[in-house]
Amino acid sequence: MINPLRGMKDLTFEESHRFNFIVETASTIAKRYGYGYIETPILEETALFKRSVGDSSDIVSKEMYQFEDKGGNDVCMRPEGTAGVVRSFVHAKLDRQPMKQKFYYYGPMFRYERPQKGRLREFHQFGCESFGEASVYEDFTIIIMISQIFEALGIGFDLQINSLGCPTCMPPYKQNLVGFLTEIKEELCEDCNRRIGTNPIRVLDCKNKTCQSLLVNSPKLINNLCDECDTDFKKLTQLLDNAGISYEVDTNLVRGLDYYSKTAFEFVSNDIGSQSAIAGGGRYDKLVEFLDGKPTPAVGFAIGIERIMELVKMPEATREGIYLGAMTEDAVEKLFAIATQKRKETKVTVEYNAKGFKSHMKGADKVNARYAVLIGEDELKNGTVWVKDLESKEEKTITVEAF
RNA sequence: GUGGACGUAGUUCAGUUGGUAGAGCACCUGUUUGUGGCACAGGUUGUCGCGGGUUCGAGCCCCGUCGUCCACCCCA
């Protein structure tokens, strides 16, 4: 028997149903906010992610499915969705269009990690990217949209927000932080010491308790923002307050992808184990030009579909369609014409084996059909069918034509 | 990449100090040649993950391997 690869999962029955429900619900809401569907390739040039997500991130440095294709190109399976959408945006020269552009997507992402609860090697994200809107109103609107999606799915969450600053205020802050960290480096963990050189901001969300206690007095970016970033962040909190969305400012919230600036947010659930982030995103105003487009402000997010699978409250399944069965061999082939006709408008299940009445009733029940339609000896003789509404329990015998 | 737990029927699991497998659910049949969800009775289903070792004998003990799960890490 050939098994799926490690960290890859088949979705069937209940689960695939759930998956579709999540995607449909999120898509419906995204469209209401003006987002249009975009699909980009799963395979991309490796350089795309090195430049956008960043070489120093774990994702790029050790988790990518990367290989040389038969043409000698250095390619990889996308580890996240934003980079591909931005590449596509620039490639289609949409950066030269005066209008704002909004896209939503969903699909598989690949990261070579050790699987655990809420973490697969092939996982799925639903995401949105909004281009050309610099206003913090858009950041706010996106957060509202995500909360509406979660509300529609029946999922509770905590919202954490932070500002990562911009090219004006981030570099001086970073220098300041490196200075602080260098003084206490003896006491910091091994990983943090490495991060001081590669990506000092990441030290802030180190899980090590000793590190965290040492960081209590570290300089906070939130207190060192430039005027514009500071004004925007205050505006965002004010908008959220007015909208009645509760949130927590987490000064240690750092996105793992290098392209984020200004607003960063994460939706978290306490009910799903240690992989608690169910959605994350923020602003990435520099990414478009970083990928050779004209400077275009942008903001986006992604929801981890697997992370919310078991949290989703599905609407109750209702009886649907028709179950067709015959009680004598001769009647079986009478079913097909009826089935073909009825399939123009509804779901039809045809049982190919002639069997007893009770057995058919059970079968109709099992597929959750609304109507049980059976042909027995009498019906075959008279050119009729026996129809029962399994919900109202009403039954009747009518001609095939009338049915 | 690190650590821990676990791999037995379609599924969830039991299996005593080592003596060649069992239950619930599911499925099929019947009670009921025409009234579903319920009940009762009967029945089908196993490379005990794989490979080696110890032993008269291994589901059980030992080694290896693959896989799953959980945590670290990472992140959606």
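This structure is a prediction, so every number in the text was calculated from the model and none was measured. Below, each value reflects all heavy atoms present in this structure, side chains not excepted, and no hydrogens, waters or symmetry copies. Residue numbers start from 1 in every chain, and the chains themselves are labelled A, B, ... in the order their sequence lines are given, proteins ahead of strands.
Residue contacts for A/Gly81: at a heavy-atom cut-off of 4.0 Å it reaches no nucleic acid atom on any strand shown. Residue-level contact check: A/Leu390 touches the bases, meaning some heavy atom is under 4.0 Å from a base atom. Residue contacts shown for A/Gly325 are absent, as no nucleic acid heavy atom lies under 4.0 Å away. In this structure, A/Ala364 reaches neither bases nor backbone, as no heavy-atom distance under 4.0 Å exists between it and the strands shown. Residue contacts for A/Gly280: at a heavy-atom cut-off of 4.0 Å it reaches the sugar-phosphate backbone alone, with no base atom in range. Heavy atoms of A/Phe301 sit nowhere under 4.0 angstrom from any nucleic acid atom. Among the atoms of the strands shown, only primed sugar atoms or phosphate atoms (P, OP1, OP2) are found under 4.0 Å from some heavy atom of A/Glu63.
The distance from the CZ atom of A/Arg283 to the CG atom of A/Leu164 is 12.0 Å, given to the nearest 0.5 Å. Between atom CG of residue A/Asp69 and atom CG of residue A/Leu43 there is a gap of 7.5 Å, rounded to the nearest 0.5 Å. Note: A/Cys76 SG to A/Met64 CE = 4.0 Å, rounded to the nearest 0.5 Å.
Taking atom P in both B/rG46 and B/rG53, the straight-line distance is 27 Å, to the nearest Å. Across the P atoms, B/rU44 and B/rG52 are found 32 Å apart, a figure rounded to whole Å. Comparing B/rC62 with B/rG18, their P atoms are spaced 11 Å from each other, to the whole Å. Atom name C1', nucleotides B/rA23 and B/rU45: the rounded distance is 14 Å, in whole Å. Spacing of C1' atoms, B/rG49 relative to B/rA71, comes out at 24 Å, to the nearest Å. A distance of about 33 Å separates the C1' atoms of B/rU12 and B/rU55, rounded to the whole Å. Comparing the P positions of B/rG7 and B/rC60 gives an interatomic distance of 11 Å, to the nearest angstrom. B/rA58 and B/rC63: their C1' atoms are spaced 15 Å apart (whole Å).
Between A/Phe267 and A/Lys355, the residue whose closest nucleotide on RNA chain B is further toward the 5' end is A/Lys355. If you find the closest nucleotide of RNA chain B to A/Gly7 and to A/Gly273, the one lying nearer the 5' end belongs to A/Gly7.
Aromatic pair A/Tyr37/A/Tyr106: centroids less than 6.0 angstrom apart. Taking the six-membered ring for Trp, A/Phe126 and A/Tyr104 have ring centres closer than 6.0 Å. A centroid separation of 6.0 Å or more is found between the aromatic rings of A/Tyr371 and A/Tyr323. In summary, the aromatic rings of A/Phe131 and A/Phe89 are positioned with their centroids under 6.0 Å apart. Within the 6.0 Å centre-distance limit, the rings of A/Phe150 and A/Phe267 are counted as a close aromatic pair.
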Show me the protein contacts with nucleotides 32-35 of chain B, counting only N or O atoms at under 3.5 Å.
{"unit_1": "B/rU32", "atom_1": "N3", "unit_2": "A/Lys358", "atom_2": "NZ", "d": "3.4"}
{"unit_1": "B/rG34", "atom_1": "O6", "unit_2": "A/Glu379", "atom_2": "OE1", "d": "2.9"}
{"unit_1": "B/rG34", "atom_1": "N1", "unit_2": "A/Glu379", "atom_2": "OE1", "d": "3.4"}
{"unit_1": "B/rG34", "atom_1": "N1", "unit_2": "A/Glu379", "atom_2": "OE2", "d": "2.7"}
{"unit_1": "B/rG34", "atom_1": "N2", "unit_2": "A/Glu379", "atom_2": "OE2", "d": "3.4"}
{"unit_1": "B/rG34", "atom_1": "N2", "unit_2": "A/Trp386", "atom_2": "NE1", "d": "3.3"}
{"unit_1": "B/rU35", "atom_1": "O2", "unit_2": "A/Lys388", "atom_2": "NZ", "d": "2.7"}
{"unit_1": "B/rU35", "atom_1": "O2", "unit_2": "A/Glu395", "atom_2": "OE2", "d": "3.3"}
{"unit_1": "B/rU35", "atom_1": "N3", "unit_2": "A/Glu395", "atom_2": "OE1", "d": "2.7"}
{"unit_1": "B/rU35", "atom_1": "N3", "unit_2": "A/Glu395", "atom_2": "OE2", "d": "2.6"}
{"unit_1": "B/rU35", "atom_1": "O4", "unit_2": "A/Glu395", "atom_2": "OE1", "d": "2.1"}

Show me the protein contacts with nucleotides 1-7 of chain B, counting only N or O atoms at under 3.5 Å.
{"unit_1": "B/rU2", "atom_1": "O4", "unit_2": "A/Arg114", "atom_2": "NH1", "d": "2.4"}
{"unit_1": "B/rG3", "atom_1": "O6", "unit_2": "A/Arg114", "atom_2": "NH2", "d": "3.3"}

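Judged purely by distance below 3.5 Å, without hydrogens or angles, the side chains of A/Gln116 and A/Ser274 pair a donor atom with an acceptor atom.
Between A/Asp389 atom CG and B/rG36 atom P there is a gap of 16 Å when expressed in whole angstrom units. When rounded to the nearest whole Å, the span between CD of A/Gln116 and P of B/rU68 equals 13 Å. Protein atom CG of A/Asn353 is 11 Å distant from nucleotide atom P of B/rC28, rounded to whole Å. Remark: C1' of B/rC69 and CE of A/Met8 are 17 Å apart, rounded to the nearest angstrom. Whole-Å rounding puts the A/Glu306 CD to B/rC75 P distance at 18 Å. We find that CZ of A/Arg319 is positioned 11 Å from P of B/rG37, with the value rounded to whole Å. Taking atom CZ on A/Arg6 and atom C1' on B/rC70, their separation rounds to 12 Å, with Å as the unit. Rounded to whole angstrom, the span from the NE2 atom of A/His360 across to the P atom of B/rU29 amounts to 11 Å.
A/Phe290 CZ: 12 or fewer foreign heavy atoms inside a 6.0 Å radius.
Looking at the side chain of A/Asp365, the nearest of the listed nucleotides B/rA76, B/rG36, B/rC74 is B/rG36. Looking at the side chain of A/Ser274, the nearest of the listed nucleotides B/rC70, B/rC72, B/rG36 is B/rC72.
Contact of A/Gln125 with B/rC75 (side chain to base): no donor-acceptor pair of N or O atoms is detected under 3.5 Å. Residue side chain A/Arg111 does not reach the base of B/rC74 through any donor-acceptor N/O pair under 3.5 Å, judged by distance alone.
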Hey, mind stepping through A/Asn73 and A/Glu45 against side chain to side chain donor-acceptor pair (under 3.5 Å) and telling me if it holds?
CA-CA 7 Å; A/Asn73 304 297; A/Glu45 210 174 300; over 6 Å; no

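A salt bridge is absent between A/Glu44 and A/Arg78; no separation between the charged side-chain nitrogens and carboxylate oxygens falls under 4.0 Å.
Consecutive Watson-Crick or G-U pairs involving RNA chain B, each under 3.5 Å on both distances, make up stems of three or more pairs at B:1-7 with B:66-72, B:10-13 with B:22-25, B:27-31 with B:39-43, B:49-53 with B:61-65.
The aromatic rings of A/Phe19 and A/His124 lie perpendicular to each other, with more than 60° between the two planes, well past the 30° mark.
Side-chain contact between A/Met327 and A/Phe357 is present, with heavy atoms from C-beta onward closer than 4.5 Å.
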